[in-house]
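Data first, discussion second: the structure below is written as structure tokens.
A note on names: the letters A, B, ... follow the listed sequences, proteins ahead of strands, and every chain is numbered from 1.
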There are 2 protein chains.
Amino acid sequence: MKLNTIAQQLKLSESTVSRALNDYRDISADTKALVRRAASETGYFPNPHARRLASGKADNIAYVMPRSDGQFNSSFLVELMAGMAGALNAKGWDFSLLVPDSIEEEIEIFQKISRTRHVSGLIISRTLTRDVRFKILHELKIPFVSHGRSMDSAAAAWIDVDNATAFSDMTAHLIELGHRRIAHIGGEESYNFSSQRARGWRDALVKAGITVDPDLHQKAELSFAGGAFAMRSLLMLADPPTAVCCISDHVAIGAMRALRDCGLVPGHEVSVIGYDGLEIGNWLEPPLSTMKQPLQSAGQQLVEIVINMVENGDSPKDHQKLYRAKLVRRGTDNPPVPGCSKHLSRSRQDKNTTFGGEGK
Amino acid sequence: MKLNTIAQQLKLSESTVSRALNDYRDISADTKALVRRAASETGYFPNPHARRLASGKADNIAYVMPRSDGQFNSSFLVELMAGMAGALNAKGWDFSLLVPDSIEEEIEIFQKISRTRHVSGLIISRTLTRDVRFKILHELKIPFVSHGRSMDSAAAAWIDVDNATAFSDMTAHLIELGHRRIAHIGGEESYNFSSQRARGWRDALVKAGITVDPDLHQKAELSFAGGAFAMRSLLMLADPPTAVCCISDHVAIGAMRALRDCGLVPGHEVSVIGYDGLEIGNWLEPPLSTMKQPLQSAGQQLVEIVINMVENGDSPKDHQKLYRAKLVRRGTDNPPVPGCSKHLSRSRQDKNTTFGGEGK
DNA sequence: GTGTCAACCGAAAACGCTTTCGGTAAGTGT
DNA sequence: ACACTTACCGAAAGCGTTTTCGGTTGACAC
């Protein structure tokens with residue numbers, strides 16, 4: 001099933017067959033049809049390695065998968081990768097996965113790619129506030145797009161959600177409901193989305209004339225446990241919050257658990273809003289309010305961007321896209337309950353008295 | 001940075017350099033050291049395409065990712081893929097993802113692989129009870145391992161969990177707690193794990209001398225919504241179950257929601273046990289009991305198996321491994337509450353009377 | 001000395017495709 | 001009739017490795 005075979009069979013030269021298959025315009029329509037039919041009849045597939053070696057093109061995209069955070073929004077990740085694979089498949093390109101253990105290893109991989117060019121384009125994610133990868137990839141001249149911005153991404157291609165606006169929207173919503181003491185459970189601020197979300201929260205408070213109490217800003221691991229721990233700390237405060245903006249749904253779910261453990265009902269004594277729009281939130285008791293990203297097909301978009309850069313040499317700057325998250329009210333965002341603040345200090349409440357909030 | 005350059009630089013032939021790098025034994029230790037040093041100094045990486053073309057080896061593994069079931073245990077999937085990527089990376093092999101839209105497309109991909117051999121080995125999953133892929137891959141002589149068995153997998157390599165035993169263990173446990181009316185919310189039985197799990201449930205009942213009531217066997221979509229729907233059907237029964245064995249944690253979570261919506265408390269009037277050992281189960285109210293698979297590094301294992309088959313020509317049959325799932329008691333498996341069965345028929349209960357079960 | 005055997009290395013032929021360059025034949029205008 | 005395109009195709013040179021097949025040494029025994 002080599003090009004050779006098919007050429008002899010048709011009494012054409014290899015080069016003609018090759019060009020016919022690749023739709024060169026100096027091949028007559030007749031021969032093209034002829035060759036195509038012969039190819040599909042014999043079930044011919046060009047050898048990718050030979051093709052790539054000869055053409056110098058790799059025709060594949062690699063996604064740098066964030067390592068070892070089992071707690072991160074994994075359903076989203078799967079969705080994302082499926083989207084990428086689908087879009088690439090439509091183009092006939094390959095999709096590989098890179099899972100570096102450390103940032104050093106990641107950079108090493110980049111260098112290898114830049115030398116051998118065995119990967120035509122890259123998609124990175126989980127961007128840091130300051131992220132060397134942008135500079136490195138730029139220097140190595142590897143076409144790439146990032147899922148998430150960074151302070152170093154001005155000249156790069158990216159798609160992202162407006163984290164700051166999302167969290168100021170969220171916070172403003174709670175303020176409008178009547179809350180004044182609104183906490184934020186955030187994450188490690190070296191991650192760009194972390195610091196942006198914290199900023200959004202802070203901005204909304206300031207804008208409403210509420211002074212920001214540093215005690216109300218907790219930093220947590222982005223996991224169930226992290227959220228639970230942070231929530232417990234908040235409840236220990238002399239003047240606990242009546243609402244909490246959580247950096248992720250996972251964290252919010254942990255926080256809900258902590259509330260329950262103290263005999264409180266999420267959305268009653270303490271409102272909770274998460275972020276991610278996870279399906280699971282709908283199935284909790286009570287259902288978790290959250291911010292949802294509109295990226296139904298982020299994977300596909302990312303792929304299309306990087307393909308454009310590889311094939312047409314598009315400028316990265318022409319591919320920057322910001323989306324806005326939308327509030328999804330479910331059951332855990334409600335007006336503060338007057339007099340409830342007393343209940344909030346350390347003492348475990350009797351379940352029967354605190355149970356049965358007004359719901360949504 | 002070609003082999004050429006480095007050869008001239010050292011005044012050696014290309015072939016010598018190549019063999020030195022690949023550790024052939026007819027190259028002296030001295031020259032090997034020399035070449036190696038030169039290579040690492042210049043930062044040389046062999047061109048993968050050229051290498052693969054010349055050697056005929058692809059040195060990569062592809063994973064056929066199950067498409068479009070957002071509801072499936074995605075954290076596990078991510079974990080799995082990370083494990084695969086890690087193991088492959090250690091070997092210097094590439095990892096690609098295949099995401100076919102249909103079974104036809106999947107088979108087409110297999111044929112392409114068998115022709116061009118651009119993928120050395122395959123990992124498949126989400127096996128069907130009758131799964132043509134086993135026969136096809138065997139005929140095409142593509143080395144592969146499956147994550148999950150099938151009726152057609154006798155001669156193939158696989159790792160799997162003993163689904164039947166897991167569900168008979170689960171059911172037996174509920175029987176021991178005193179339950180007699182034990183339902184099963186299962187899935188589409190064309191999936192192998194689905195039918196196995198249903199079988200385990202049925203076997204345990206029979207073994208305990210309990211006649212199997214077909215009404216108690218619900219088939220649901222493997223999602224939150226599917227679980228909720230099935231649970232509602234069960235509650236509508238004239239004689240509803242006091243315990244439910246759910247095919248997955250997702251389904252169980254949906255079932256819990258349905259219970260709550262009827263004013264019931266999961267683990268009180270109706271015990272619920274899930275399957276998968278999802279982290280999220282720990283954070284529900286009450287925490288969900290479940291069966292946990294011991295596959296901490298299934299990805300790595302799968303990769304090692306297929307590599308062995310590719311490199312050493314190992315027989316598939318020597319790589320079949322069955323694991324046993326373990327019960328994780330959390331909050332939703334308890335003895336039946338006497339007199340509760342009355343509450344179970346359709347009527348919405350007042351929350352205050354039903355709330356506050358004995359917990360775990 | 002001659003023969004033998006390792007140990008080492010080089011020349012050159014693959015591997016299966018792409019792409020440049022040039023050549024022929026037919027069409028176009030004058 | 002001539003030059004000049006245009007349309008189409010073939011020859012051949014890569015692409016950067018691996019691998020087969022010999023060939024040249026030097027050591028060692030006789």
Side-chain angles (χ1 to χ4, degrees), chain A residues 1-36 38-39 42-60 92-94 112-120 311, chain B residues 1-36 38-39 42-60 92-94 112-120 311:
Chain A
M1 306 309 154
K2 306 190 307 177
L3 199 52
N4 201 0
T5 335
I6 203 169
Q8 291 178 352
Q9 195 173 306
L10 262 49
K11 303 199 176 159
L12 286 171
S13 73
E14 287 184 44
S15 67
T16 303
V17 175
S18 167
R19 279 175 302 184
L21 254 21
N22 291 333
D23 208 23
Y24 273 52
R25 65 177 127 70
D26 60 349
I27 299 293
S28 75
D30 291 355
T31 28
K32 274 185 193 172
L34 199 70
V35 170
R36 294 244 172 84
T42 48
Y44 166 79
F45 289 109
N47 179 313
H49 303 313
R51 168 202 277 266
R52 297 201 236 249
L53 176 57
S55 71
K57 294 172 187 172
D59 287 358
N60 63 355
W93 287 30
D94 277 354
K112 183 169 165 184
I113 290 176
S114 97
R115 304 203 108 92
T116 68
R117 295 279 151 192
H118 66 292
V119 166
S120 6
E311 293 212 315
Chain B
M1 306 308 154
K2 306 191 305 178
L3 201 50
N4 201 0
T5 335
I6 203 169
Q8 291 179 351
Q9 195 173 306
L10 262 50
K11 305 203 170 146
L12 285 171
S13 73
E14 287 184 44
S15 67
T16 305
V17 175
S18 167
R19 279 175 300 183
L21 253 23
N22 290 334
D23 209 22
Y24 275 52
R25 63 177 127 69
D26 62 346
I27 299 292
S28 75
D30 290 356
T31 29
K32 274 186 193 172
L34 199 69
V35 169
R36 294 244 172 86
T42 50
Y44 166 80
F45 290 109
N47 179 313
H49 304 312
R51 167 201 280 266
R52 299 201 235 249
L53 176 58
S55 71
K57 295 174 188 170
D59 287 358
N60 63 356
W93 286 32
D94 277 355
K112 185 168 164 183
I113 291 176
S114 97
R115 303 205 109 93
T116 68
R117 296 278 154 192
H118 66 294
V119 166
S120 357
E311 294 211 314

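- Nucleotide D/dT19 holds its C1' atom 15 Å from the CG atom of B/L21, rounded to whole Å.
- Near DNA chain D, defined here as any heavy-atom distance below 4.0 Å, the residues from residues 22-30 of chain A are A/D26, A/I27, A/S28, listed numerically.
- Considering only residues two or more places apart in sequence or on other chains, B/T42 meets the side chain to side chain contact (heavy atoms under 4.5 Å, CB included) condition with B/M1, B/I6, B/Q9, B/Y44.
- Between the CZ atom of A/R115 and the C1' atom of D/dT17 there is a distance of 17 Å, rounded to whole Å.
- Across all strands, A/R19 comes closer than 4.0 Å to base atoms (heavy-atom distances).
- A/V119 approaches A/N60 most closely through the heavy-atom pair CA-OD1, 3.3 Å.
- Between the side chain of A/T116 and the backbone N or O of B/F45, no donor-acceptor pair lies under 3.5 Å.
- Atom CD1 in B/I27 sits 11.5 Å away from atom CG in B/L34 (nearest 0.5 Å).
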Take B/S18 and B/S15 through the side-chain hydrogen bond (donor to acceptor under 3.5 Å, both in side chains) test and state the conclusion after the steps.
CA-CA 5 Å; B/S18 167; B/S15 67; over 6 Å; no
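- The nucleotide range of DNA chain C contacted by chain B, defined by atoms under 4.0 angstrom from heavy atoms of the protein and reported 5' to 3', is C/dC8 to C/dG16.
- Listed by first then second residue, pairs satisfying salt bridge (Lys or Arg N to Asp or Glu O under 4.0 Å) with a partner in residues 49-59 of chain B read B/R52-B/D94, not counting sequence neighbours.
- The two residues A/A58 and B/H49 come nearest to each other via the heavy atoms CB-NE2, 4.1 Å.
- At a non-hydrogen distance threshold of 4.0 Å, A/K11, A/L12, A/S13, A/S15, A/T16 from residues 10-17 of chain A come into contact with DNA chain D.
- Listed by first then second residue, pairs satisfying salt bridge (Lys or Arg N to Asp or Glu O under 4.0 Å) with a partner in residues 8-21 of chain B read B/R19-B/D26, not counting sequence neighbours.
- Comparing the axis of the opening five pairs of the helix from C/dG1-D/dC30 to C/dT30-D/dA1 with that of the closing five pairs yields an angle of 40°, rounded to 10°.
- Going from atom CG of B/N47 over to atom C1' of D/dG14 covers 14 Å, rounded to whole Å.
- If you take CE of B/M1 and C1' of D/dT17, they are 17 Å apart, rounded to a whole angstrom.
- Under the side chain to side chain contact (heavy atoms under 4.5 Å, CB included) criterion, A/D23 pairs with A/K32, A/R36, not counting sequence neighbours.
- Side-chain contact between B/L3 and B/P46: absent, with no pair of heavy atoms (C-beta onward) separated by less than 4.5 Å.
- If you take CZ of B/R51 and C1' of D/dT19, they are 13 Å apart, rounded to a whole angstrom.
- Across the protein-nucleic acid pair, A/R117 atom CZ and D/dC15 atom P stand 17 Å apart, rounded to whole Å.
- The phosphate of D/dC15 has neither OP1 nor OP2 within less than 4.0 Å of any side-chain N or O from A/S55.
- Take A/T16 and apply the side-chain hydrogen bond (donor to acceptor under 3.5 Å, both in side chains) test, not counting sequence neighbours, and it matches A/S13.
- Rounding to whole angstrom units, CG of residue B/L3 and P of D/dG14 are separated by 18 Å.
- Judged as a side chain to side chain contact (heavy atoms under 4.5 Å, CB included), and not counting sequence neighbours, the contacts of A/A50 are A/N47, B/L53.
- Judged as a side chain to side chain contact (heavy atoms under 4.5 Å, CB included), and not counting sequence neighbours, the contacts of B/S114 are B/R117, B/L140, B/I142.
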